[in-house]
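A short worksheet on the structure shown next.
All heavy atoms count here, side chains included; hydrogens, waters and symmetry mates do not.
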Amino acid sequence: MAATVAENLKEAILRREIALGEPLSEEKIAVAMDVSRTPVREALTILQMQGLINILPRRGSIVFKPDAKELHQLVDYRLNLELLVSRLALERAPEATLAGLRAAIGKMEKARDADDTLAYARADTQFHNTFFENSGNPFFVEAYDIASGRVAALRVHLSTRLDLHRYTTFGEHVEIAKAVEARDPVKLEQLMRAHIGAMEPNYSQALKMLDEAQ
């Protein structure tokens, strides 16, 4: 029951039904999901372990919303790990990697044309997960799970504020796939470094916009 409640809450965050930094009421969640408060409390603990929820003494539970330091650390973590797995995927499974990237780009294109920002964000997540899935080592997937929920949440809540899905990130994803197709590890690293590195200034700007709107 707790796992189901946790998954439902996570999906609500990733559908933008629950905002970054939003306080959560155990009682309201229990009523909405028709469960007791015990599985809700357990679910919040699960999400805290995933980094999506902060449980603060005497203040309750709040959806995570990174400050400047946390955002920098998250980008640094993601950049170094994804640079590694993208290189490994290119070395160990280039054809499967390219097929996965192209499939995700196809979904991105449809979502962009329909201006469906949630579908675009899901396809964006699929694109980057492709490198982990083809790295040849499941421990890298487990390592990324530590932060993948937070990365996905930031992508859903912040990228759309900057309208990045229309042109910027789509073109970057296409170029990354071209580097994989060309079997060019140097170009791939350059593109990945620029693409992920841009996350920090872009999301910092979007967080400021979010604060101003609240």
Side-chain angles (χ1 to χ4, degrees), residues 14 50-51 66 68 70-113 116-206:
L14 297 181
Q50 296 178 11
E70 290 169 328
L71 180 59
H72 174 75
Q73 291 171 335
L74 185 60
V75 173
D76 183 54
Y77 170 84
R78 180 188 169 194
L79 176 61
N80 283 284
L81 189 54
E82 203 157 336
L83 285 176
L84 172 60
V85 296
S86 60
R87 176 176 59 80
L88 292 175
L90 182 62
E91 292 174 357
R92 296 173 176 177
E95 293 183 4
T97 300
L98 181 59
L101 298 180
R102 284 175 170 170
I105 288 172
K107 292 180 181 179
M108 285 183 202
E109 190 166 21
K110 289 181 181 178
R112 186 183 65 161
D113 291 344
D116 187 338
T117 56
L118 287 177
Y120 187 93
R122 286 193 292 269
D124 194 335
T125 296
Q126 178 184 334
F127 182 94
H128 289 276
N129 285 348
T130 297
F131 290 116
F132 288 89
E133 293 163 0
N134 291 284
S135 66
N137 190 329
F139 288 109
F140 288 127
V141 178
E142 291 183 15
Y144 190 53
D145 279 345
I146 296 172
S148 61
R150 279 169 282 186
V151 172
L154 291 176
R155 183 180 287 127
V156 166
H157 286 268
L158 301 182
S159 292
T160 53
R161 285 190 165 270
L162 302 176
D163 213 22
L164 295 175
H165 70 290
R166 288 187 183 276
Y167 306 107
T168 305
T169 63
F170 182 80
E172 291 172 353
H173 289 122
V174 170
E175 291 304 311
I176 289 169
K178 287 181 179 178
V180 171
E181 182 179 19
R183 309 291 196 270
D184 189 339
V186 175
K187 185 66 174 177
L188 177 60
E189 179 177 342
Q190 291 174 344
L191 292 169
M192 293 292 287
R193 190 177 293 278
H195 176 67
I196 298 173
M199 175 182 169
E200 185 169 359
N202 287 340
Y203 286 2
S204 178
Q205 178 186 350

Student check: side-chain heavy atoms of F132 and E82 closer than 4.5 Å: yes
Salt bridge check, E181 against K178: does any charged N sit closer than 4.0 Å to a carboxylate O? no
State, with a plain yes or no, whether a side-chain heavy atom of Y77 is found less than 4.5 Å away from one of I146. yes
Side-chain touch V151/L74, heavy atoms, less than 4.5 angstrom: yes
Are F131 and I176 side-chain neighbours, meaning at least one heavy-atom pair lies under 4.5 Å? yes
Between L88 and N137, does a side chain to side chain contact (heavy atoms under 4.5 Å, CB included) hold up when you go through it step by step? CA-CA 9 Å; L88 292 175; N137 190 329; 5.8 Å; no
Which heavy atom of G197 sits nearest a heavy atom of P201, and at what distance? O-CD, 3.4 Å
Rounded at 0.5 Å granularity, tell me how far CD1 in I196 sits from OG in S86. 7.0 Å
Residues E200 and L71: closest non-hydrogen pair is O-CD2, 3.6 Å
Considering all heavy atoms of both residues, which atom of P94 and which atom of V180 are nearest to each other, and what is their separation? O-CG1, 4.0 Å
Taking all heavy atoms of A121 and all of R155, pick out the closest pair and write down the distance. O-CD, 3.6 Å
Hey, could you give me the CG/CZ distance between D113 and F170, rounded to the nearest 0.5 Å? 8.0 Å
I'd like to check R150 versus E70 (side-chain heavy atoms, cut-off strictly below 4.5 Å). Are they in contact? no
Donor-acceptor pair, N80 side chain versus D76 backbone, under 3.5 Å? yes
Hey, could you give me the CG/CZ distance between L81 and R78, rounded to the nearest 0.5 Å? 10.0 Å
I'd like to check R193 versus L83 (side-chain heavy atoms, cut-off strictly below 4.5 Å). Are they in contact? yes
Supply the atom-to-atom distance M192 CE to K187 NZ, rounded to the nearest 0.5 angstrom. 13.5 Å
Taken to the nearest 0.5 Å, the spacing of E109 CD from I105 CD1 works out to 9.0 Å
Measuring only between side-chain heavy atoms, which start at C-beta, is M108 closer than 4.5 Å to V174? no
How close do K107 and A123 get, counting heavy atoms only, and between which atoms? CB-CB, 3.7 Å
Using 30° and 60° as the class boundaries, would you call the ring planes of H195 and H173 parallel, tilted or perpendicular? perpendicular
Side-chain donor-acceptor contact under 3.5 Å, Y120 with S159: no
Any chance you could lay out the side chain to side chain contact (heavy atoms under 4.5 Å, CB included) test for N202 and T168, step after step, and finish with the verdict? CA-CA 11 Å; N202 287 340; T168 305; 5.8 Å; no
Spacing of T117 atom OG1 and D124 atom CG [to the nearest 0.5 Å]: 12.0 Å
When you look at L14 and T125, which way does the side chain to side chain contact (heavy atoms under 4.5 Å, CB included) test go after all the steps? CA-CA 11 Å; L14 297 181; T125 296; over 6 Å; no
